[in-house]
Amino acid sequence: MNFADILNQYDDMQKKEAQKGKTPKGTIQVSHKKANAPTKEEKELLKQGYSAEAQMKKDNEKSINPMEAWLRRYGTVDKDAAADEYNESMKMRSRTYIREMSPEARIDLHGLTKEEAWERLNSFVGDCQARGLKKILIIHGKGTHSHGSDPVLGPMVKSFIEQDKRLGTSGHPDKFMGGTGATWVMIKD
(Lines give C-alpha, C1' and ligand atoms only; values in the text may rest on other atoms or scores of the structure.)
Protein backbone atom coordinates (compact mmCIF):
# COMPACT_ATOMS: atom_id res chain seq x y z
CA MET A 1 0.00 0.00 0.00
CA ASN A 2 1.50 3.33 -1.05
CA PHE A 3 0.79 6.85 0.16
CA ALA A 4 -1.75 7.59 -2.59
CA ASP A 5 -3.83 4.58 -1.50
CA ILE A 6 -3.80 5.81 2.09
CA LEU A 7 -5.03 9.26 1.03
CA ASN A 8 -7.80 7.73 -1.13
CA GLN A 9 -8.91 5.55 1.77
CA TYR A 10 -9.00 8.60 4.08
CA ASP A 11 -11.09 10.58 1.57
CA ASP A 12 -13.56 7.67 1.31
CA MET A 13 -13.92 7.60 5.10
CA GLN A 14 -14.65 11.34 5.20
CA LYS A 15 -17.30 11.03 2.48
CA LYS A 16 -19.02 8.19 4.35
CA GLU A 17 -19.09 10.18 7.60
CA ALA A 18 -20.41 13.26 5.77
CA GLN A 19 -23.21 11.15 4.28
CA LYS A 20 -24.14 9.93 7.80
CA GLY A 21 -24.35 13.54 8.97
CA LYS A 22 -21.28 13.43 11.16
CA THR A 23 -18.47 15.90 10.81
CA PRO A 24 -15.11 14.22 10.42
CA LYS A 25 -12.56 14.68 13.18
CA GLY A 26 -10.12 17.50 12.68
CA THR A 27 -12.51 19.70 10.71
CA ILE A 28 -13.79 22.97 12.13
CA GLN A 29 -17.47 23.77 12.08
CA VAL A 30 -18.18 27.26 10.86
CA SER A 31 -21.22 29.22 11.95
CA HIS A 32 -23.15 30.76 9.10
CA LYS A 33 -24.65 33.41 11.38
CA LYS A 34 -23.86 37.04 10.62
CA ALA A 35 -21.31 38.67 12.91
CA ASN A 36 -23.62 41.27 14.50
CA ALA A 37 -26.89 39.39 14.17
CA PRO A 38 -29.04 39.55 17.32
CA THR A 39 -29.37 36.49 19.53
CA LYS A 40 -32.71 34.90 20.40
CA GLU A 41 -32.91 36.85 23.65
CA GLU A 42 -32.19 40.13 21.87
CA LYS A 43 -34.87 39.37 19.26
CA GLU A 44 -37.41 38.81 22.05
CA LEU A 45 -36.48 42.13 23.69
CA LEU A 46 -36.81 43.93 20.34
CA LYS A 47 -40.34 42.47 19.92
CA GLN A 48 -41.24 43.89 23.35
CA GLY A 49 -40.04 47.36 22.31
CA TYR A 50 -36.66 47.42 24.02
CA SER A 51 -33.74 48.99 22.16
CA ALA A 52 -30.11 49.16 23.20
CA GLU A 53 -29.72 52.66 21.78
CA ALA A 54 -32.54 53.99 23.95
CA GLN A 55 -30.98 52.41 27.04
CA MET A 56 -27.59 53.95 26.23
CA LYS A 57 -29.23 57.37 25.87
CA LYS A 58 -30.88 56.98 29.28
CA ASP A 59 -27.57 56.01 30.87
CA ASN A 60 -25.79 58.97 29.30
CA GLU A 61 -28.42 61.43 30.52
CA LYS A 62 -27.75 60.54 34.14
CA SER A 63 -25.47 63.19 35.54
CA ILE A 64 -22.95 62.80 38.30
CA ASN A 65 -21.08 65.39 40.26
CA PRO A 66 -17.66 65.83 38.59
CA MET A 67 -15.90 65.75 41.97
CA GLU A 68 -17.61 62.45 42.79
CA ALA A 69 -16.54 60.99 39.44
CA TRP A 70 -12.95 62.08 40.03
CA LEU A 71 -12.87 60.59 43.53
CA ARG A 72 -14.32 57.30 42.30
CA ARG A 73 -11.67 57.11 39.62
CA TYR A 74 -8.55 58.22 41.49
CA GLY A 75 -9.41 57.76 45.18
CA THR A 76 -7.92 59.74 48.02
CA VAL A 77 -4.45 59.77 49.58
CA ASP A 78 -3.79 60.41 53.24
CA LYS A 79 -0.81 62.73 52.89
CA ASP A 80 -0.16 62.87 56.64
CA ALA A 81 0.12 59.09 56.87
CA ALA A 82 2.36 59.00 53.78
CA ALA A 83 4.62 61.69 55.27
CA ASP A 84 4.82 59.85 58.60
CA GLU A 85 5.71 56.61 56.81
CA TYR A 86 8.41 58.38 54.79
CA ASN A 87 9.88 60.00 57.91
CA GLU A 88 9.94 56.65 59.72
CA SER A 89 11.73 54.96 56.81
CA MET A 90 14.28 57.78 56.70
CA LYS A 91 14.84 57.42 60.45
CA MET A 92 15.52 53.71 60.06
CA ARG A 93 18.18 54.50 57.47
CA SER A 94 19.96 56.95 59.74
CA ARG A 95 22.95 55.34 61.45
CA THR A 96 22.73 57.58 64.52
CA TYR A 97 19.08 56.64 65.05
CA ILE A 98 19.91 52.94 64.75
CA ARG A 99 22.77 53.23 67.25
CA GLU A 100 20.63 55.16 69.75
CA MET A 101 17.58 52.92 69.34
CA SER A 102 17.16 50.63 72.35
CA PRO A 103 17.03 46.88 71.67
CA GLU A 104 13.54 45.41 71.52
CA ALA A 105 14.61 41.93 72.67
CA ARG A 106 17.63 40.33 74.39
CA ILE A 107 19.17 36.90 74.63
CA ASP A 108 21.85 35.85 77.10
CA LEU A 109 24.17 33.07 75.91
CA HIS A 110 26.32 32.80 79.07
CA GLY A 111 27.12 29.24 80.09
CA LEU A 112 26.16 27.64 76.76
CA THR A 113 28.38 25.60 74.48
CA LYS A 114 29.08 26.85 70.97
CA GLU A 115 26.51 24.46 69.41
CA GLU A 116 23.79 25.22 71.98
CA ALA A 117 24.34 28.95 71.55
CA TRP A 118 24.08 28.65 67.75
CA GLU A 119 20.76 26.78 67.97
CA ARG A 120 19.25 29.19 70.52
CA LEU A 121 20.42 32.19 68.54
CA ASN A 122 18.91 30.79 65.33
CA SER A 123 15.49 30.23 66.93
CA PHE A 124 15.65 33.59 68.75
CA VAL A 125 16.30 35.51 65.53
CA GLY A 126 13.47 33.63 63.81
CA ASP A 127 11.06 34.52 66.61
CA CYS A 128 12.12 38.17 66.60
CA GLN A 129 11.71 38.41 62.84
CA ALA A 130 8.24 36.84 63.05
CA ARG A 131 7.28 39.42 65.71
CA GLY A 132 8.51 42.26 63.46
CA LEU A 133 11.28 43.49 65.76
CA LYS A 134 14.03 45.69 64.34
CA LYS A 135 16.89 45.62 66.85
CA ILE A 136 18.02 42.85 69.21
CA LEU A 137 20.80 42.51 71.76
CA ILE A 138 22.90 39.36 72.06
CA ILE A 139 24.78 39.04 75.35
CA HIS A 140 27.73 36.68 74.88
CA GLY A 141 30.25 37.89 77.46
CA LYS A 142 33.85 38.95 77.02
CA GLY A 143 35.29 35.47 77.38
CA THR A 144 37.14 35.99 80.65
CA HIS A 145 35.69 32.75 82.10
CA SER A 146 36.39 30.57 79.04
CA HIS A 147 38.31 27.37 79.73
CA GLY A 148 40.78 28.11 76.93
CA SER A 149 42.85 31.15 76.21
CA ASP A 150 40.45 32.50 73.57
CA PRO A 151 36.79 33.51 74.00
CA VAL A 152 34.28 31.11 72.43
CA LEU A 153 30.90 32.82 72.19
CA GLY A 154 31.99 36.25 70.90
CA PRO A 155 33.56 34.95 67.66
CA MET A 156 30.70 32.46 67.25
CA VAL A 157 28.14 35.31 67.43
CA LYS A 158 30.15 37.33 64.92
CA SER A 159 30.26 34.42 62.43
CA PHE A 160 26.54 33.76 62.99
CA ILE A 161 25.69 37.38 62.14
CA GLU A 162 27.87 37.28 59.02
CA GLN A 163 26.27 34.04 57.77
CA ASP A 164 22.61 34.73 58.60
CA LYS A 165 20.83 36.58 55.77
CA ARG A 166 18.08 37.79 58.11
CA LEU A 167 20.53 40.02 59.99
CA GLY A 168 22.01 43.34 58.93
CA THR A 169 24.04 46.04 60.65
CA SER A 170 25.61 45.16 63.99
CA GLY A 171 27.80 46.73 66.63
CA HIS A 172 28.67 46.84 70.31
CA PRO A 173 26.61 48.92 72.74
CA ASP A 174 28.09 51.33 75.28
CA LYS A 175 29.71 49.98 78.45
CA PHE A 176 26.48 50.31 80.45
CA MET A 177 24.70 47.87 78.10
CA GLY A 178 27.54 45.32 78.02
CA GLY A 179 30.26 46.89 75.91
CA THR A 180 32.28 44.32 73.99
CA GLY A 181 30.51 41.52 75.90
CA ALA A 182 27.30 42.17 73.94
CA THR A 183 26.37 42.78 70.31
CA TRP A 184 23.33 44.60 68.93
CA VAL A 185 21.99 43.54 65.53
CA MET A 186 19.41 44.98 63.15
CA ILE A 187 16.94 42.48 61.67
CA LYS A 188 16.18 42.99 57.98
CA ASP A 189 12.59 43.33 56.76
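We use all heavy atoms of the structure for the numbers below, so side chains are in, but hydrogens, waters and symmetry mates are not. Because the structure is predicted, anything quoted here is derived from the model rather than measured.
To the nearest 0.5 Å, the span separating CH2 on W184 from CD1 on I161 amounts to 9.5 Å. Here K188 contributes atom NZ and T169 contributes atom OG1; the two are 8.5 Å apart, rounded to the nearest 0.5 Å. The structure places CD1 of I187 at 12.0 Å from OG of S170, a figure rounded to the nearest 0.5 Å. Interatomic distance, CG of D12 versus CG of L7, reported as 11.0 Å (0.5 Å rounding).
Heavy-atom minimum distance, M101 versus K135: O-NZ, 2.6 Å. When all heavy atoms of I136 and F124 are compared, the pair lying nearest together is CD1-CE2, 3.7 Å. The minimum heavy-atom distance between P173 and A182, with the atom names listed, is CD-O, 3.4 Å. Closest heavy-atom contact between W118 and M156: CE3-SD, 3.4 Å. Taking all atoms of both residues into account, the shortest heavy-atom contact from N122 to R166 is OD1-NH2, 2.6 Å.
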- Does the side chain to side chain contact (heavy atoms under 4.5 Å, CB included) test come out yes or no for T183 and K158, once each step is laid out? CA-CA 9 Å; T183 305; K158 183 179 178 184; over 6 Å; no
- Message: Apply salt bridge (Lys or Arg N to Asp or Glu O under 4.0 Å) to residues R72 and E68 and explain how you reach the verdict.
- Response: CA-CA 6 Å; R72 284 184 187 173; E68 182 69 27; 3.5 Å; yes
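Every ring pair (Phe, Tyr, Trp, His ring centres under 6.0 Å) that Y74 has, sequence neighbours left out, goes to W70.
Side-chain contact between Q129 and L167 is absent, with no heavy atoms from C-beta onward closer than 4.5 Å.
Within 6.0 Å of the CD atom in E104, the count of heavy atoms belonging to other residues, nucleotides or ligands exceeds 12.
Results of the side-chain contact (heavy atoms from CB on, under 4.5 Å) test with R120 over V125, D108, I138, L112 single out L112 as the only residue that passes.
Counting only distance, with no hydrogens or angles, the side chain of N8 and the backbone of A4 share a donor-acceptor pair below 3.5 Å. In this structure a side-chain-to-backbone donor-acceptor pair under 3.5 Å is present from E42 to T39.
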